[in-house]
Asks: 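Sharing a structure below in C-alpha cells format, with a few things to ask.
The analysis underlying the following values was restricted to heavy atoms, covering all of them including side chains, and did not include hydrogens, waters or symmetry mates. Throughout, protein chains are lettered first and strands after them, A, B, ... in sequence-line order, and every chain is numbered starting at 1.
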2 protein chains.
Amino acid sequence: MTLTPLQQEFVLHFGEMGSRWGINRTVGQIYALLFLSREPLNAETITDALGISRSNTSMGLKELQSWNLVRLKHFPGDRRDYFTTPDDLWEIVRTLVAERKKREIDPTLTKLRELEMQGPAGDDYAEARISELRELIEMMTGFYAEMEKLETERLVKLMTLGSRIAGLIDRTGGMIPSLTKRK
Amino acid sequence: MTLTPLQQEFVLHFGEMGSRWGINRTVGQIYALLFLSREPLNAETITDALGISRSNTSMGLKELQSWNLVRLKHFPGDRRDYFTTPDDLWEIVRTLVAERKKREIDPTLTKLRELEMQGPAGDDYAEARISELRELIEMMTGFYAEMEKLETERLVKLMTLGSRIAGLIDRTGGMIPSLTKRK
DNA sequence: CAGAGATTTCAGAAATTTCTGAAATTTAGG
DNA sequence: CCTAAATTTCAGAAATTTCTGAAATCTCTG
C-alpha cells in the first residue's frame, strides 16, 4: 500500500503532533492512517504503509486499543485483524476526552482527596490551596459528566449557540457558588 | 527550605503527572512547589527544596514562563527574581487551556486548512474526512472562544447549572447544523 | 493434533529527552 | 568601567522512551 501525498502529509503531521499529545509518533501515524482509510486495515498493511517494524505496529495498535480509539473488524475467510476508527467524529472526541480525563485528571483528584484526608498538617496556606484545587476540579468534572450525557445533536446546538450563552445564564438565575472569591 | 510532608507528597505527585501532561517532571515539581507557597520563591530556594541543579531550575522556570504560568516579583534591595503562581485558580485554568490549545490544536487546524487548499487529490474519502475534522475543530474552538469571554462568575454558574443545560438548549431552539449526520 | 499463519513479547539497540556542571553572559552598584 | 551577584547557555552525561528483530505464543484449519 502506497500513500497518496495527502495521506502522507496528514500522517506525518499526526506523527509529529503525537508527542505534544501524550502519545508517540508511531501511534499518531497509525491512527492518522486508519482515520483516512475507508476500509479497515490489517497490521501488515499498516506496517509497510508506514515503513515501521511489524512489532512496532503491534504495540501501537495495542496502545490504541487501550485508548478505545480503534474498532476491530473481521472478514470471512481471513483470520487477520482489521482496524478502523469510528465513522462518527464526535464519538472519537468523546472517547479522547474520557480517556484523557481518566489518565490526567482522576489520579490527581484521588491524590488531592487523599492529602486532605491526612488531616491538618500545620500548613494552612497549602491546605487551603489543595482543597480549593480539589473543589475546582470537582466542579469541572461534574460539568463534564453533564456534557457527557447530552446526545450529539444537543451538544452541537450548545456549541453553535455560542454568544447566547451569557444571556442564558442570567435568565436562568444561578446560585452564587462559594468558589467565586476572586476576580 | 525544607518541605513539609504535605508539600513533599504534592510536589512528587505533580512531578510524576508531569509526564502525562506534556511537561517534564522538574517543571511539574517547580510549579507544584510555587502553587503551595504563599510567598514568592527565588531560584536558589527552589533548587535546594527540590534537590535539583541550579541550571535545571533555570530551564524549568523559563519553560513555565513560556507557558505564562508564573508571575515575577521583586523585593527592594534584592535583585533576584521571585516567582509565584496566580492566586486565582480560574486564571491558571484559563491560561493552561489557552496554551494547550495554542500548542496542541492550532497547528493541526492550520495544517488541515493547508491540506484542503491543496485542492482535490483524488481521494474523496480522505478529503471528506479531513474537512469534517476541520469543521469539528472549528466548532469546538469557536465555542471555546465564547467561553473565554465569560467572566469567572458566569462560568461558575454555567458549570454548576449542570443538569438544566439540556432544557436550556431546547428552550432556546437551535439551528440544526449540518455536522450532525450520524448518531 | 500438526503445522502454517498471525500476533505478541521481550531484550537490547537507537533515538530522544532531561539533567548537570562549567563556562559565558547579564545586570546593578560602586 | 570594574566587580560581584545572579542567571543563562550549552556540551556532554544520565535517564527514559521508542523501536527492532528474533523468539515465543496463540489460533485456526486440514
Asks: Respond yes when some side-chain nitrogen or oxygen of B:Arg79 is under 4.0 Å from OP1 or OP2 of C:dG29, and no when none is.
Replies: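 It does not, given that no N or O in the side chain of B:Arg79 lies less than 4.0 Å from OP1 or OP2 of C:dG29.
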Asks: Tell me whether the OP1 or OP2 atom of D:dC19 has a side-chain N or O from A:Asn24 closer than 4.0 Å.
Replies: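 For D:dC19, OP1 or OP2 has a side-chain N or O of A:Asn24 closer than 4.0 Å.
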Asks: Would you call A:Glu146 and A:Lys149 a salt bridge, using N to O less than 4.0 angstrom?
Replies: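 Looking at A:Glu146 and A:Lys149, the cut-off is met.
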Asks: Provide, to the nearest angstrom, the distance between the CG atom belonging to B:Leu50 and the C1' atom belonging to C:dT18.
Replies: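 Rounded to the whole Å, the gap is 15 Å.
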Asks: Compare side-chain N and O positions of B:Thr26 against OP1 and OP2 of C:dC19 and report whether any pair is under 4.0 Å apart.
Replies: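 Yes, such a contact exists.
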Asks: Please report the distance, rounded to the nearest Å, between CG in B:Leu61 and P in D:dT9.
Replies: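 It works out to 13 Å between those atoms.
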Asks: Between D:dT7 atom C1' and B:Leu41 atom CG, what is the distance in whole Å?
Replies: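 Taking atom C1' of D:dT7 as the reference, CG of B:Leu41 is at 17 Å.
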Asks: Please tell me if B:Arg54 has a side-chain N or O lying less than 4.0 Å from either OP1 or OP2 of D:dT7.
Replies: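 Indeed, a polar side-chain atom of B:Arg54 lies that close.
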Asks: What nucleotide among C:dT20, C:dT9, C:dT7 has an atom nearest to a side-chain atom of A:Ala43?
Replies: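 Closest nucleotide to the A:Ala43 side chain: C:dT7.
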Asks: Can you measure B:Phe83 atom CZ to D:dA6 atom C1' for me and round it to whole angstrom units?
Replies: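 Rounding to the nearest Å, CZ of B:Phe83 and C1' of D:dA6 are 11 Å apart.
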Asks: Tell me which of A:Val27 and B:Glu44 sits closer to the 5' end of DNA chain D, going by the nucleotide each one is nearest to.
Replies: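 Comparing both residues, the 5'-ward one is B:Glu44.
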Asks: Taking A:Arg129 for its side chain and B:Asp87 for its backbone only, find out whether a donor-acceptor pair lies under 3.5 Å.
Replies: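 Yes; at least one donor-acceptor contact below 3.5 Å.
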Asks: Tell me which nucleotide among D:dT20, C:dT16, C:dT7 gets nearest to the side chain of A:Arg25.
Replies: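 Nearest nucleotide to the side chain: C:dT16.
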Asks: What's B:Asp81 touching, base or sugar-phosphate or nothing? Going by heavy atoms closer than 4.0 Å.
Replies: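 Since only primed, P, OP1 and OP2 atoms lie under 4.0 Å of B:Asp81, the category is sugar-phosphate.
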Asks: Can you see if the side chain of B:Lys62 gets near the phosphate of D:dT7 - specifically, an N or O under 4.0 Å from OP1 or OP2?
Replies: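 The answer is no; no side-chain N or O of B:Lys62 sits under 4.0 Å from OP1 or OP2.
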Asks: Rounded to the nearest Å, what distance is computed from the CG atom of residue A:Asn56 to the C1' atom of nucleotide C:dA13?
Replies: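 Taking CG of A:Asn56 and C1' of C:dA13, I get 13 Å after rounding.
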Asks: Whole-Å distance between D:dA14 C1' and B:Ile52 CD1?
Replies: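 Going from B:Ile52 (CD1) to D:dA14 (C1'), I get 16 Å.
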Asks: Can you tell me if A:Glu127 uses its side chain to pair, donor with acceptor, with the backbone of A:Ala121 under 3.5 Å?
Replies: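 Flag set: sc A:Glu127 to bb A:Ala121 pair under 3.5 Å.
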Asks: Could you say whether A:Met59 or A:Asp78 is positioned toward the 5' end of DNA chain C, judged by the nucleotide with the nearest heavy atom to each?
Replies: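 It is A:Asp78 whose nearest nucleotide is closer to the 5' end.
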Asks: Could you state the atom-to-atom distance from CD of A:Glu63 to P of D:dT17 in whole Å?
Replies: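 The answer, rounded to whole Å, is 13 Å.
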Asks: Charged N to carboxylate O under 4.0 angstrom, A:Lys111 versus B:Glu9?
Replies: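 Yes.
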Asks: Under 4.0 Å: is that the gap between some side-chain N or O of B:Ser58 and OP1 or OP2 of D:dT8?
Replies: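 Yes.
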Asks: Nearest to the side chain of A:Ser55, which nucleotide is it out of C:dC10, C:dT7, D:dC19?
Replies: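 Of the options given, the side chain of A:Ser55 lies nearest C:dC10.
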Asks: Has the side chain of A:Arg103 got a donor or acceptor atom that lies under 3.5 Å from a matching backbone atom of B:Arg20?
Replies: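 No.
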Asks: Please report, rounded to the nearest Å, how far the P atom of D:dT18 is from the CD atom of A:Glu16.
Replies: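 My rounded result for the distance is 16 Å.
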